[in-house]
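Since the structure comes first, as structure tokens, the remarks are kept for the end.
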Amino acid sequence: MDDAHGASGTTARGVEASPELESHAAALARARLRFAVPVCLLSFGGFLVITALAGFTSVLDAPVAGPLNWLFLLILLSFPAVGLCAWLYHRHAVRWDARTAEIIARTGESS
């Protein structure tokens with residue numbers, strides 16, 4: 001094995017790493033990545049598009065209503081979007097924490 005695992009399959013803490021534990025931990029890591037990667041890409045991509053449109057074009061200068069233009073509206077809408085991402089992350093994190101506690105209980109390890 002490599003880095004945290006020795007030749008006998010024990011972790012750095014000296015606990016035997018069972019295949020069941022490793023499969024549960026890998027599934028949990030995949031679940032976290034399935035959520036985090038798309039949300040990060042969409043968030044970063046959205047902010048990058050707004051920045052590029054605002055800095056290099058005049059597309060967002062068109063008025064929406066009175067003195068309110070598209071740039072101001074999109075930036076204003078970014079705050080609820082960030083709040084939505086945080087709320088979704090919290091919902092998922094509660095499930096991940098429950099799965100982590102279940103894995104720990106199954107293996108008899110304490111954190």
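In what follows, every heavy atom counts, from backbone to side chain, and hydrogens, waters and symmetry copies are set aside. Residue numbers run from 1 in the order of the sequence given.
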- Considering non-hydrogen atoms only, spot the tightest contact between Phe35 and Cys85 and give its length. CZ-O, 4.5 Å
- Item | Minimum heavy-atom distance between Gly66 and Pro63, given as atom pair plus value | O-CB, 3.9 Å
- Rounded to the nearest 0.5 Å, the CD1 atom of Ile75 sits from the OG1 atom of Thr51 at a distance of 8.0 Å
- Note on the structure: NE2 of His24 to CZ of Arg99, rounded to nearest 0.5 Å, is 9.0 Å
- How are the rings of Tyr89 and Trp96 set to each other: parallel, tilted or perpendicular (split at 30° and 60°)? perpendicular
Is [Y] reachable from [X] through a run of I, L, V, M, F, W or Y residues, each pair having side-chain heavy atoms under 4.5 Å apart?
X     : Y     : answer
Trp70 : Leu77 : yes
Leu48 : Phe79 : no
Val49 : Phe56 : no
Val82 : Leu74 : no
Phe44 : Ile50 : no

- Message: Within the 4.5 Å heavy-atom criterion, are Asn69 and Leu60 side-chain neighbours or not?
- Response: no
- Does some side-chain heavy atom of Leu84 sit less than 4.5 Å from a side-chain heavy atom of Trp87? yes
- Passes side chain to side chain contact (heavy atoms under 4.5 Å, CB included), Val59 versus Leu71? Steps please. CA-CA 9 Å; Val59 172; Leu71 177 61; over 6 Å; no
- Query: Does the side chain to side chain contact (heavy atoms under 4.5 Å, CB included) test come out yes or no for Val39 and Leu88, once each step is laid out?
  - Reply: CA-CA 10 Å; Val39 168; Leu88 287 172; 5.7 Å; no
